[in-house]
**Student:** 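Quick one: the structure is below, and I'll ask about it shortly.
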Amino acid sequence: MNGRSVLFCINFKNKVMGIQLRFQLLVAVITLVVVIITTLSMSRGITGAPKLVEKKLPKSSLSGCNFYSGKWVFDNQSCPLYNGTNCSFMDDGMACQKYGRKNLDYLYWKWQPNDCDLPRFNATAMLEKLRNKRVVYVGDSLNRNQWVSIVCILESEIPKHLKFVHYNGSLVTFKAIEYNATIDFYWAPLLVESNCDDPSYHRVVERIVRVNSIEKHAKIWKDADVLVFNSYLWWRLNLKVLWGSFESANAKYEYLGMLRTYELGLQTWADWLDTHVNRTKTRVFFVSLSPTHNRAEDWGKANGQNCYNETAPISNVKYWGSESDGEMMKLVEVAIQKLNERSGFKVELLNITQLSEYRKEGHSSIYRKHWDPLTKEQLANPTSYADCIHWCLPGVPDIWNSFLYAYLLYL
């Protein structure tokens, strides 16, 4: 081999080694980049945006907690859970900002239990929990108040084209399409059948209830995965009990008194649950009575006043309104306890009464749509038409749903 050939071979070899070295360096750089990207992806999500992970609380930290013993604390950082003026499905009876309420402190009160912290309501986590499931709120307009609350919380995280509400008589359906999750409200103010069952025309002079008949309503919610019941205010009048059907000429009527009538209605409700609900599938909740604030003398104001113009909660921890009937609450507790003892059927009681008692300023008051024209006399005296039963949203019912959230995701 001559000198030229040797020199060529040496140069060629050097070039090959150089290429190999550069290739190895390139591989090393690429590997390093991949490691960095993978690490960032794991901590930040594959798009590079910070990924919010639902912090799982130890079950033991909540299972021993009494959610319902605590106090309201002012928190304008984490409250409210949603913007009420942006909720697509807000009810005009609860849209206090829309109807002129200027004092907005009611938006920023958070319920703080004494011995634990409630997990903050995470709409995405709740939607995942409800994927392919059906929730049904059953009861009166206060249960609708709570239903609107949860719809507003959840819909704020769903694109417009992936959600809708459908009205069908007593049944109102909210659908989160991407999750195939359904959250219904069903109007049945007495749970059992009555002459007040029309969702629009239920203002009857004499209320009549069939305390042993529930199937007309129950067939609508029979397949639910989560059932949330309430029923209280509509029993406060002396209802007439009907034995037989509304169509029967031989039907009999009698007055049994408020407590006995309520007890019989709850018994029919409990019997239906025992017989028809799939214990391995369905979770059942009963929301205790929602207090009214129609008597300002209860909290030290003048007789004849009510929640109108109130701007702060009641600070007396022992406060209990005169319109809240403890005997009726006891009947609910007994019905639930008997159901559990009889067949092991568990119903969770969301005991929202005491904590809601403190919130005299949280009601819709005059800041709502008025379904009937106001008279001159009413306009001259706003107290006369203030709604001290239903609640502004965002507001107190959001906390009730926070309890539901805690049960469904952590307990």
**Student:** Scan side-chain atoms only and decide if Tyr99 and Asp92 contain a donor-acceptor pair under the 3.5 Å cut-off.
**Tutor:** yes
**Student:** Might you confirm whether atom NZ of Lys133 has over 12 heavy atoms from other residues, nucleotides or ligands at distances under 6.0 Å?
**Tutor:** yes
**Student:** Looking at Ala251 and Leu242, what are the two nearest heavy atoms and their distance?
**Tutor:** CB-CD1, 3.3 Å
**Student:** Grab the two heavy atoms, one from Asn238 and one from Tyr255, that are nearest each other, plus how far apart they are.
**Tutor:** O-CE2, 3.5 Å
**Student:** Flag this pair as yes if the NZ/CZ of Arg359 is under 6.0 angstrom from the six-membered ring centre of Trp72 and inside a 45 degree cone about the axis; otherwise no.
**Tutor:** yes
**Student:** Where is the tightest heavy-atom contact between Ile183 and Trp147, given as atom of each residue plus distance?
**Tutor:** O-NE1, 3.0 Å
**Student:** For the pair Phe229 and Phe285, evaluate ring pair (Phe, Tyr, Trp, His ring centres under 6.0 Å) and give the outcome as yes or no after the intermediate values.
**Tutor:** CA-CA 6 Å; Phe229 294 97; Phe285 301 86; over 10 Å; no
**Student:** Does a donor on one side chain sit under 3.5 Å from an acceptor on the other, for Ser356 and Ser290?
**Tutor:** no
**Student:** Salt bridge (charged side-chain N to carboxylate O under 4.0 Å, His left out) for Asp372 and Arg203? Distances and angles first, verdict last.
**Tutor:** CA-CA 13 Å; Asp372 298 317; Arg203 295 183 184 180; 3.0 Å; yes
**Student:** Looking at Tyr106 and Cys96, what are the two nearest heavy atoms and their distance?
**Tutor:** OH-CB, 3.7 Å
**Student:** For a quick check under 3.5 Å, do Glu310 and Trp299 share a side-chain donor-acceptor pair by atom type?
**Tutor:** yes
**Student:** Side chains of Thr292 and Glu323: do they bring a donor and an acceptor to under 3.5 Å?
**Tutor:** yes
**Student:** Would you check, one step at a time, whether the test salt bridge (charged side-chain N to carboxylate O under 4.0 Å, His left out) holds for Lys330 with Asp325?
**Tutor:** CA-CA 9 Å; Lys330 185 63 177 177; Asp325 194 313; over 6 Å; no
**Student:** Are the side chains of Leu81 and Ser402 in contact, using a 4.5 Å heavy-atom criterion?
**Tutor:** yes
**Student:** Give the C-alpha distance, both sets of side-chain angles, the deciding distance and a yes or no for side-chain hydrogen bond (donor to acceptor under 3.5 Å, both in side chains) between Asn114 and Asn66.
**Tutor:** CA-CA 8 Å; Asn114 289 327; Asn66 178 2; over 6 Å; no
**Student:** Answer yes when Arg283 and Asp225 have at least one side-chain N-carboxylate O distance shorter than 4.0 Å, and no when they do not.
**Tutor:** no
**Student:** For residues Asp223 and Lys281, report the shortest heavy-atom separation together with the two atoms involved.
**Tutor:** O-NZ, 2.9 Å
**Student:** Say whether His293 and His363, considering side chains only, have a donor N or O and an acceptor N or O under 3.5 Å apart.
**Tutor:** yes
**Student:** For residues 258-266, please give each side-chain donor-acceptor pair under 3.5 Å, one per line with the distance, not counting sequence neighbours.
**Tutor:**
from: Arg260; atom 1: NH1; to: Glu263; atom 2: OE1; distance (Å): 2.9
from: Thr261; atom 1: OG1; to: Gly257; atom 2: O; distance (Å): 2.7
from: Tyr262; atom 1: OH; to: Ser231; atom 2: O; distance (Å): 2.7

**Student:** Is a salt bridge present between Arg279 and Asp274, judged by a nitrogen-to-oxygen distance below 4.0 Å?
**Tutor:** yes
**Student:** If you measure only the distance, is there a donor-acceptor pair under 3.5 Å linking the side chains of His370 and Tyr385?
**Tutor:** no
**Student:** Is there a side-chain hydrogen bond (donor to acceptor under 3.5 Å, both in side chains) between Thr173 and Asp184 once you walk through the steps?
**Tutor:** CA-CA 4 Å; Thr173 297; Asp184 291 339; 2.8 Å; yes
**Student:** Without hydrogens or angle criteria, can the side chains of Ser88 and Glu155 be said to hold a donor-acceptor pair below 3.5 Å?
**Tutor:** yes
**Student:** Under 3.5 Å, is there a donor-acceptor pair between the Thr268 and Asp271 side chains?
**Tutor:** no
**Student:** Taking atom CD as the centre, does Glu254 end up with more than 12 heavy-atom neighbours from other residues, nucleotides or ligands that are less than 6.0 angstrom away?
**Tutor:** yes
**Student:** Tell me the closest heavy-atom pair linking Lys129 and Leu408, and the distance in Å.
**Tutor:** CE-O, 2.9 Å
**Student:** Would Val287 and Tyr232 count as a side-chain contact (heavy atoms from CB on, under 4.5 Å) if you check the C-alpha gap in whole Å, the side-chain angles of each, and the deciding distance to 0.1 Å?
**Tutor:** CA-CA 10 Å; Val287 183; Tyr232 168 68; over 6 Å; no
**Student:** Are the aromatic rings of Trp111 and Tyr68 close, with centres under 6.0 Å apart?
**Tutor:** no
**Student:** Looking at Tyr253, does the NZ or CZ of Lys240 lie under 6.0 angstrom from its six-membered ring centre and within 45 degrees of the ring axis?
**Tutor:** yes
**Student:** How many angstroms lie between atom NZ of Lys219 and atom NE2 of His276, to the nearest 0.5 angstrom?
**Tutor:** 12.0 Å
**Student:** Between Tyr137 and Asn401, is any side-chain donor less than 3.5 angstrom from a side-chain acceptor?
**Tutor:** yes
**Student:** Using a 3.5 Å distance criterion without hydrogens, assess whether the side chain of Glu357 forms a donor-acceptor pair with backbone atoms of Gly321.
**Tutor:** yes
**Student:** Show your working on side-chain hydrogen bond (donor to acceptor under 3.5 Å, both in side chains) between Thr311 and Asn103 and close with a plain yes or no.
**Tutor:** CA-CA 7 Å; Thr311 58; Asn103 183 294; 4.7 Å; no
**Student:** Do Gln112 and Asp75 get their side chains close enough for a donor-acceptor pair, meaning under 3.5 Å?
**Tutor:** no
**Student:** Side-chain contact test, heavy atoms from C-beta onward, threshold under 4.5 Å: evaluate it for Arg342 versus Asn340 and give yes or no.
**Tutor:** no
**Student:** Can a salt bridge be assigned to the pair Lys216 and Asp197 using a cut-off of 4.0 Å between side-chain N and carboxylate O?
**Tutor:** yes
**Student:** Is it the case that the side chains of Ser245 and Arg210 hold a donor-acceptor pair, with the cut-off being a distance below 3.5 Å and no angle test?
**Tutor:** no
**Student:** Between His217 and Trp187, does the ring pair (Phe, Tyr, Trp, His ring centres under 6.0 Å) criterion hold? Intermediate values first, please.
**Tutor:** CA-CA 9 Å; His217 299 317; Trp187 171 263; 9.8 Å; no
**Student:** Should Arg131 and Glu128 count as an ion pair when the cut-off is N to O under 4.0 Å?
**Tutor:** yes
**Student:** Quick one about Ser384 and Glu377 (side-chain donor to acceptor, distance below 3.5 Å, no hydrogens or angles considered), yes or no?
**Tutor:** no
**Student:** Do Ser248 and Asn250 have a side chain donor and acceptor closer than 3.5 Å?
**Tutor:** no
**Student:** Without hydrogens or angle criteria, can the side chains of Asn306 and Lys301 be said to hold a donor-acceptor pair below 3.5 Å?
**Tutor:** no
**Student:** Examine distances only and state if a side-chain atom of Gln305 and a backbone atom of Ala302 form a donor-acceptor pair shorter than 3.5 Å.
**Tutor:** no
**Student:** With no hydrogens and no angle check, just 3.5 Å: does a side-chain donor-acceptor pair link Asn316 and Tyr358?
**Tutor:** no
